[in-house]
Amino acid sequence: MLIFFAIASSFLLTALIVPVVIRVAIRRRLFDAPTETRKVHKRIIPNLGGIAIFAGFMFSQQLFIRSEMIPALNQLLMCGSILFMLGLKDDIIGLSPYKKFVAQFVAALIVAMIGNIRIMDLGGVLGMYELSYPFSISLTVFAIVGVVNAFNLIDGIDGLAGLLGLIVSLTYACLFLSAGDTGWSFLCFSLAGALGGFLIYNITPAKIFMGDSGALMIGFFSAVTSIHFINLSSQKLIHIGQFDITSAIGLVMALLIIPLFDTLRVFTLRILGNRSPFEADRNHLHHRLLSVGLSHFQATLILTSLTLVFVGLAYLFQDIGSNELIATLAIIILSLNTGFTLYTKTLEDRRTEKLINNMQPSFVDQDKLKIVKHLEIEEKKVLRPVFEKISQN
């Protein structure tokens, strides 16, 4: 019953706050204007939805979570609030990527060192089990910063980041509940309810965006809940229905595979192109789906459905081993990306061929004109001496 109230309270509060945020943002001209060529929206839309998500989430988790349920709750909320306020500043007046990166690094360091929420055991991935403290801290910081940036970058079309965050939070909520970890379960349910209330206004056509304030916060809590789940699964066997979770890292990868793969892909392409990895462009997965003629709703549906498929596969193949499961998921996502790249290349070739065919008649007409002019010139050269001779006679 308390779970229902945790979800309902965050859902309702967020849903009630969003219209207020929209009105205030429009009055104060705090919106995401489509002034950049990479923008996929062509109208003015407020981008302060993170305020409503943060308010609904904070209200619910403060109401239902006691401090003894999550020993590191203060550190979690402090770092989450820091990233929220940093993102809010970026949404309103702008902030350089490097300043955001430093803040993410500091927040991750606080959680790992003071909150002691860190990756302690890799469960045999790449032959590694229990990690040394320095390596554990370094890997945790890298993982948190990576996931935070991944969610920030995937937030490019209506409903995508919110739905991915909803899938992650609901999945972990059920896993923690099954493991008897009530505090973390309520944390995830509170975030899920807030995202649900926000998505009412964010699904196509979007009336509001979550902005960096929402994306950074969702990425942060997705990262720390993933780390806690990995640690929890190494301490006890977690059951979901008929399945035992024996490869927690494989399941985590399945949940986060779309934003992580998208980030790794665009960063690699930017670096290979001698550009900053933080330079914005239109080469994300959602941009590529839009480029082949899909709508925002269709692109979001495809990417979220793929996430659910990967999660289902991770559940079904828990027994094959962590390394094998991770390799399988990686091969599938790389194969899908390669296939889609070939498909888009075929479409581009067809468009180019069609353009050439449409232009061909004009080229034929120009060639005809050149031939006629050439014949006229030759005709004048041949007839001119004849006319001159006739005139002399």
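Owing to the predicted nature of the structure, the values given are computational and were not obtained by experimental measurement.
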ILVMFWY cluster, [X] and [Y] together (side-chain gap under 4.5 Å):
X	Y	result
Leu255	Leu316	yes
Ile144	Val106	no
Leu256	Tyr315	yes
Leu308	Ile302	yes
Met69	Met78	no

Strictly by modelled atom types, are Tyr172 and Ser222 linked by a side-chain donor-acceptor pair under 3.5 Å?
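The answer is no; no qualifying pair exists.
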Going by distance alone, is a donor N or O of one side chain under 3.5 Å from an acceptor N or O of the other, for Ser60 and Ser9?
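There is such a pair (donor and acceptor under 3.5 Å, judged by atom type) between the side chains of Ser60 and Ser9.
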Has the side chain of [X] got a donor or acceptor atom that lies under 3.5 Å from a matching backbone atom of [Y]?
X	Y	result
Asn149	Val145	yes
Gln318	Thr246	yes
Ser185	Ala173	yes
Asn323	Gly124	yes
Lys89	Gly94	no
Asp212	Asp91	no
Thr300	Phe297	no
Ser10	Leu191	no

Which heavy atom of [X] sits nearest to which heavy atom of [Y], and what is that distance?
X	Y	value
Leu77	Ser81	O-OG, 2.7 Å
Thr304	Ile167	O-CD1, 4.0 Å
Ser233	Ala248	OG-CB, 2.9 Å
Thr307	Ile258	OG1-CG1, 3.3 Å
Cys79	Val111	SG-CG2, 3.7 Å
Ala52	Thr14	O-OG1, 3.4 Å

Is [Y] close to [X] at the side-chain level, that is, under 4.5 Å between some pair of heavy atoms?
X	Y	answer
Leu2	Thr182	no
Ile203	Asp158	no
Phe186	Leu177	no
Arg288	Thr341	yes
Phe59	Leu63	yes
Val148	Met217	no
Leu76	Val224	yes
Ile65	Leu187	yes

Classify the angle between the aromatic ring planes of His286 and His284 as parallel (below 30°), tilted (30 to 60°) or perpendicular (above 60°).
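Answer is parallel, since the angle falls under 30°.
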Using links of under 4.5 Å between side-chain heavy atoms of ILVMFWY residues, direct or through other members, which residues join [X] in one cluster?
X	value
Leu86	Leu95
Tyr129	none
Ile331	none

Tell me if the [atom1] atom of [X] is crowded by more than 12 foreign heavy atoms within 6.0 Å.
X	atom1	result
Tyr343	OH	no
Phe142	CZ	no
Phe267	CZ	yes

NZ/NE/NH1/NH2 to OD/OE distance under 4.0 Å, Lys99 and Asp90:
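Asp90 and Lys99: not salt-bridged.
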Does the side chain to side chain contact (heavy atoms under 4.5 Å, CB included) test come out yes or no for Lys100 and Asn152, once each step is laid out?
CA-CA 11 Å; Lys100 288 194 289 186; Asn152 192 29; 3.8 Å; yes
Which distance, rounded to the nearest 0.5 Å, do you find between the [atom1] of [X] and the [atom2] of [Y]?
X	Y	atom1	atom2	answer
Asp181	Leu175	CG	CG	11.0 Å
Leu83	Gln104	CG	CD	6.5 Å
Met58	Phe84	CE	CZ	9.5 Å
Ile51	Ser213	CD1	OG	6.0 Å
Glu68	Leu73	CD	CG	10.0 Å
Leu232	Ile227	CG	CD1	13.5 Å

For Arg350, give me all partners under salt bridge (charged side-chain N to carboxylate O under 4.0 Å, His left out), at least two apart in sequence or on another chain.
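Residues passing salt bridge (charged side-chain N to carboxylate O under 4.0 Å, His left out) with Arg350: none at all.
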With sequence neighbours left out, what residues match Arg265 under salt bridge (charged side-chain N to carboxylate O under 4.0 Å, His left out)?
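Counting only residues at least two positions away or on another chain, Arg265 forms no salt bridge (charged side-chain N to carboxylate O under 4.0 Å, His left out).
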With Phe151 as reference, evaluate Leu260, Ile218, Leu216 under the side-chain contact (heavy atoms from CB on, under 4.5 Å) test and give the passing residue.
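Exactly one option meets the side-chain contact (heavy atoms from CB on, under 4.5 Å) with Phe151, and it is Ile218.
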Report the C-alpha distance between Met210 and Asp155 in whole Å, list the side-chain angles of each, state the deciding distance to 0.1 Å, and finish with yes or no for side chain to side chain contact (heavy atoms under 4.5 Å, CB included).
CA-CA 8 Å; Met210 67 170 63; Asp155 182 30; 3.4 Å; yes
Does the separation of the ring centres of Phe57 and Phe221 fall below 6.0 angstrom?
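Between Phe221 and Phe57, which both carry aromatic rings, the centre distance is below 6.0 Å.
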So, His228 versus Phe176, ring centres under 6.0 angstrom or not?
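Between His228 and Phe176, the centre distance is under 6.0 Å.
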Just grab all the side chain to side chain donor-acceptor pair (under 3.5 Å) pairs involving residues 109-118, residues at least two apart or on different chains.
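Side chain to side chain donor-acceptor pair (under 3.5 Å) check on residues 109-118 returns Asn116-Arg118, Arg118-Ser136.
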Let me see the working for Phe220 and Val147 under side chain to side chain contact (heavy atoms under 4.5 Å, CB included), right down to the final yes or no.
CA-CA 7 Å; Phe220 173 75; Val147 174; over 6 Å; no
Please report the C-alpha distance between Leu48 and Phe209 in whole Å, then the side-chain angles of each, then the deciding distance to 0.1 Å, and finally whether the side chain to side chain contact (heavy atoms under 4.5 Å, CB included) criterion is met.
CA-CA 6 Å; Leu48 300 178; Phe209 301 145; over 6 Å; no
